[in-house]
S.K.: 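Have a look at this one.
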Protein chains: 4
Amino acid sequence: MDSASIKKQSITFTTIDLINEFGIQGVSTREVAKRQGISHGAVFQYFPKKNDLLLSVIEYFSLFDHDLFHSTRIRNMKSKEAIIYYIENYMIYYESYPAITAVYQMYDVLQNDTELGDKVKNVYNTRLDFMTKLIEAAQKEGSIRNTEGCTALPVILTSYIRGICLKWRIEGYGFQLRKTAMQAINMILDAFSL
Amino acid sequence: MDSASIKKQSITFTTIDLINEFGIQGVSTREVAKRQGISHGAVFQYFPKKNDLLLSVIEYFSLFDHDLFHSTRIRNMKSKEAIIYYIENYMIYYESYPAITAVYQMYDVLQNDTELGDKVKNVYNTRLDFMTKLIEAAQKEGSIRNTEGCTALPVILTSYIRGICLKWRIEGYGFQLRKTAMQAINMILDAFSL
Amino acid sequence: MDSASIKKQSITFTTIDLINEFGIQGVSTREVAKRQGISHGAVFQYFPKKNDLLLSVIEYFSLFDHDLFHSTRIRNMKSKEAIIYYIENYMIYYESYPAITAVYQMYDVLQNDTELGDKVKNVYNTRLDFMTKLIEAAQKEGSIRNTEGCTALPVILTSYIRGICLKWRIEGYGFQLRKTAMQAINMILDAFSL
Amino acid sequence: MDSASIKKQSITFTTIDLINEFGIQGVSTREVAKRQGISHGAVFQYFPKKNDLLLSVIEYFSLFDHDLFHSTRIRNMKSKEAIIYYIENYMIYYESYPAITAVYQMYDVLQNDTELGDKVKNVYNTRLDFMTKLIEAAQKEGSIRNTEGCTALPVILTSYIRGICLKWRIEGYGFQLRKTAMQAINMILDAFSL
DNA sequence: GATGAATGAGGATTCATTCAT
DNA sequence: TATGAATGAATCCTCATTCAT
């Protein structure tokens with residue numbers, strides 16, 4: 001990665017921190033510059049518009065998605081294991097980088113800008129689709145029930161993930177995210193097994 | 001309700017609409033005044049600080065909570081029915097007033113202001129507590145399983161509710177919220193029955 | 001005129017002064033505010049966009065045009081006298097308010113903004129049309145020659161007016177604009193008489 | 001011309017184009033660099049200050065003046081022919097390089113900078129002086145009337161030239177500049193003949 | 001000689017809040 | 001009680017200029 005890319009990423013991280021601490025409203029290009037120890041104008045050399053910076057944040061937020069989709073697929077696990085593997089990877093990641101969960105909770109706020117909204121919608125749908133495919137595979141495989149209503153399962157799981165992250169944040173990271181989440185996920189999957 | 005209170009509520013509604021259309025960042029006291037057809041200064045006669053206005057929004061968002069808690073309790077339903085009754089009421093309400101779901105998705109953003117954050121936290125905890133109590137009752141009653149992990153159920157349910165509302169918003173209200181949600185909720189409760 | 005309109009006009013005058021002293025590039029909303037002795041933000045209460053302010057300048061620049069067209073027409077003068085009357089009024093006005101001639105020289109610069117350009121084009125054409133009509137009347141009346149090429153006369157006259165104003169400005173208002181101009185105009189009209 | 005001078009001229013041309021398209025306000029060193037396909041910093045190697053660049057533009061604008069003065073003088077024409085020759089050369093030039101007429105219309109705007117203003121004043125005066133000399137010669141020669149007011153003739157002619165160029169620009173180059181202008185010039189000269 | 005990153009001042013504009021009327 | 005003018009800080013963004021490489 002060249003030095004410009006490194007700087008861009010560093011600025012992106014700073015922005016994520018700011019979002020985490022002060023919310024979207026708390027992100028100003030000036031504050032980003034101050035934290036980065038660069039001049040205000042310099043920010044715009046890397047991100048000509050503030051939106052480009054926010055776009056970069058969303059991009060980073062979903063950076064590992066495709067890798068994870070891939071690695072989940074190639075591991076040749078039973079579908080239920082695959083689901084667990086997939087979700088647990090997020091949990092590990094979030095636990096190691098709590099600030100990023102602020103972006104996760106911002107889905108709706110970002111909708112108000114067309115450009116950002118489109119990007120977020122894309123991330124949302126991509127993740128939901130992948131989850132849906134995993135579950136369908138598990139259903140074909142027979143490890144998850146295939147009753148009529150079970151189409152809701154992907155939404156249930158993804159909502160839970162987002163929901164437990166919100167709880168984690170509200171409670172000041174006061175419990176073990178991964179452990180808590182994976183117990184619940186296992187429980188859900190068990191409940192929907194045959 | 002006196003005329004001042006009516007006006008305050010009317011301003012609050014306008015604010016909710018603005019949040020719905022433009023996000024928190026899109027709420028300005030000027031725009032609120034314009035939409036209300038009052039002068040800019042007048043807003044401050046009802047809400048001396050902008051935060052007071054936002055506080056009022058959160059308050060309105062949770063206005064019916066206690067009534068609903070109450071009416072859920074007194075109806076003397078079986079616990080599982082009570083859970084469904086409780087959740088369905090929200091769904092009916094949201095379906096009749098979609099803009100309010102924007103506030104629902106803002107939980108995390110509002111945390112960045114101490115005052116607002118406290119209020120939101122309170123709403124979040126109160127609702128979660130009530131859901132927990134409903135479920136515990138159902139477990140005692142024997143209509144819901146009481147395996148070790150089942151403490152997660154309240155979070156699963158509340159997360160799903162918030163999650164399906166997000167999906168509803170992202171998809172432009174393109175499906176029937178209540179119907180979709182209640183099917184899923186029933187499914188979850190069934191899965192966790194004995 | 002209400003107090004808001006008075007203030008708007010006052011700000012417009014200040015802007016004209018600024019244009020006169022520093023050119024278009026020298027007009028900043030901040031400087032306008034400073035000169036007016038008001039806060040920076042206050043400027044935007046009267047002119048929400050800087051362009052509105054510039055629009056107001058052009059409007060003021062051409063404010064008396066229609067009155068002058070009218071008063072020129074109703075005076076029932078011989079056409080040649082009418083032409084002189086018409087032009088002399090501008091000269092009197094410019095001599096009493098030299099700064100406004102800066103706007104006169106800005107025609108081309110203003111073309112680069114669509115909105116301003118349209119307005120300027122309109123002023124330009126309206127004035128040229130009126131001059132054309134005056135000359136055609138004089139030709140019908142027989143006081144001005146009607147040889148083939150004489151269609152150029154309106155452009156010659158209007159160009160001279162703008163040209164002598166430029167000279168006046170370049171030479172630091174070092175000659176009597178009205179006297180100089182009217183001698184030349186008379187000379188031109190004589191030269192094109194029968 | 002050495003390679004540095006070639007580059008300087010090329011940058012100057014680009015600047016003239018920019019002035020033509022966007023006005024003085026639209027000229028930024030960054031945009032010049034972009035159009036030239038060089039780095040931003042490189043511009044300053046050729047023109048240490050932006051003003052130097054604008055100076056160069058004015059210089060180019062008047063580059064052929066002295067040659068034209070010279071060639072007009074040595075051709076040994078009758079004075080009236082000389083005037084026509086002189087003016088027609090400008091028209092030919094402008095018609096072949098319309099963008100340069102943007103600079104012509106900028107006389108007044110450039111006055112606001114001392115350095116640029118001096119240079120422009122110089123160009124203005126030099127041209128006016130030469131025109132004055134041509135006319136005086138024609139008067140001595142007897143081909144142009146020498147009545148009292150005729151001192152205005154140089155201003156009339158130079159104003160017309162600038163004025164018809166403005167019209168040409170305003171009307172989107174929608175007529176033949178040279179033909180239109182020369183007809184008018186001939187007409188003027190005829191009108192002021194004996 | 002050329003690059004491109006960095007700077008800092010200044011640009012327009014928005015905003016919550018105050019206050020005289 | 002309601003108005004709307006005024007404020008001043010904060011917003012994003014652009015620009016000429018410098019300088020190490």
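By convention in this document, chain letters (A, B, ...) are assigned in the order of the sequence lines, proteins followed by strands, and residues within each chain are numbered from 1.
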S.K.: What's touching nucleotides 14-17 of chain E from the protein side, N or O pairs under 3.5 Å?
M.R.:
from	atom 1	to	atom 2	distance (Å)
dA16(E)	OP1	V27(B)	O	3.4
dA16(E)	OP1	K50(B)	NZ	2.8
dA16(E)	OP2	T29(B)	N	2.7
dA16(E)	OP2	T29(B)	OG1	2.7
dT17(E)	OP2	K50(B)	N	2.7
dT17(E)	O4	H40(B)	ND1	3.4

S.K.: What pairs of residues pass the ring pair (Phe, Tyr, Trp, His ring centres under 6.0 Å) test when at least one of them lies in residues 18-37 of chain C, not counting sequence neighbours?
M.R.: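 Passing the test, one end in residues 18-37 of chain C: no pairs.
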
S.K.: Classify the angle between the aromatic ring planes of F61(A) and Y107(A) as parallel (below 30°), tilted (30 to 60°) or perpendicular (above 60°).
M.R.: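 Judged by the thresholds at 30° and 60°, the geometry between F61(A) and Y107(A) is perpendicular.
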
S.K.: Which residue pairs satisfy the side chain to side chain donor-acceptor pair (under 3.5 Å) criterion with at least one member in residues 22-32 of chain C, sequence neighbours excluded?
M.R.: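 Listed by first then second residue: T29(C)-H40(C).
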
S.K.: How many whole angstroms separate atom CG of L18(A) from atom P of dC12(F)?
M.R.: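 Value for this atom pair: 11 Å.
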
S.K.: Is there a donor-acceptor contact under 3.5 Å from the side chain of S10(B) to the main chain of I6(B)?
M.R.: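 No.
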
S.K.: Grab the OH-P distance between Y46(D) and dA16(F) for me, whole Å please.
M.R.: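 In whole Å, dA16(F) P lies 19 Å from Y46(D) OH.
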
S.K.: Return the minimal non-hydrogen interatomic distance between G26(C) and L18(C), and the atom names on each side.
M.R.: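 Answer, listing the atom of G26(C) first, then L18(C): O-CG, 4.2 Å.
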
S.K.: For Watson-Crick and G-U wobble pairs within 3.5 Å on both distances, what is DNA chain F written in dot-bracket notation, | included for inter-strand pairing?
M.R.: .||||||||||||||||||||

S.K.: Compare the minimum distances between each of dA6(F), dT3(E), dA6(E) and the side chain of A42(C), then state the nucleotide with the smallest one.
M.R.: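 Among the listed nucleotides, the one closest to the side chain of A42(C) is dA6(F).
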
S.K.: I want to check one thing: is the phosphate of dA2(E), taken as OP1 and OP2, less than 4.0 Å away from some side-chain N or O of K7(D)?
M.R.: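 Indeed not, no polar side-chain atom of K7(D) lies that close.
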
S.K.: How many Å lie between CD on Q36(C) and P on dA5(F), as a whole number?
M.R.: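 To the nearest whole Å, that distance equals 15 Å.
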
S.K.: Please report, rounded to the nearest Å, how far the P atom of dT13(E) is from the CD atom of Q45(C).
M.R.: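 The distance from CD of Q45(C) to P of dT13(E) comes to 15 Å, rounded to the nearest Å.
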
S.K.: Can you pull the salt bridge (Lys or Arg N to Asp or Glu O under 4.0 Å) pairs that have at least one residue in residues 6-21 of chain C, sequence neighbours excluded?
M.R.: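 Only E21(C)-R35(C) qualify under salt bridge (Lys or Arg N to Asp or Glu O under 4.0 Å).
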
S.K.: Going by atom type alone, with no hydrogens or angles, which donor-acceptor pairs under 3.5 Å involve a side-chain atom of residues 115-123 of chain A and a protein atom two or more places apart or on another chain?
M.R.:
from	atom 1	to	atom 2	distance (Å)
E115(A)	OE1	N51(A)	ND2	3.2
K119(A)	NZ	E59(A)	OE1	2.5

S.K.: Expressed in angstrom and rounded to an integer, what is the separation of K34(A) atom NZ from dT7(E) atom P?
M.R.: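 In whole Å, dT7(E) P and K34(A) NZ are 15 Å from each other.
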
S.K.: Atom CD1 of I6(C) to atom P of dG4(F): distance rounded to whole Å?
M.R.: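 These atoms are roughly 17 Å apart.
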
S.K.: For D52(C) and K49(C), indicate whether the former's side chain and the latter's backbone hold a donor-acceptor pair under 3.5 Å.
M.R.: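 Yes; judged by distance alone, with no hydrogens or angles, the pair exists.
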
S.K.: If I take atom CG in residue D2(A) and atom C1' in nucleotide dA5(E), what distance separates them, rounded to the nearest angstrom?
M.R.: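 Computing the D2(A):CG to dA5(E):C1' distance gives 13 Å.
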
S.K.: Look up atom CE in M106(A) and atom CD in Q111(A), then write down how far apart they are to the nearest 0.5 Å.
M.R.: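 That separation rounds to 10.5 Å.
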
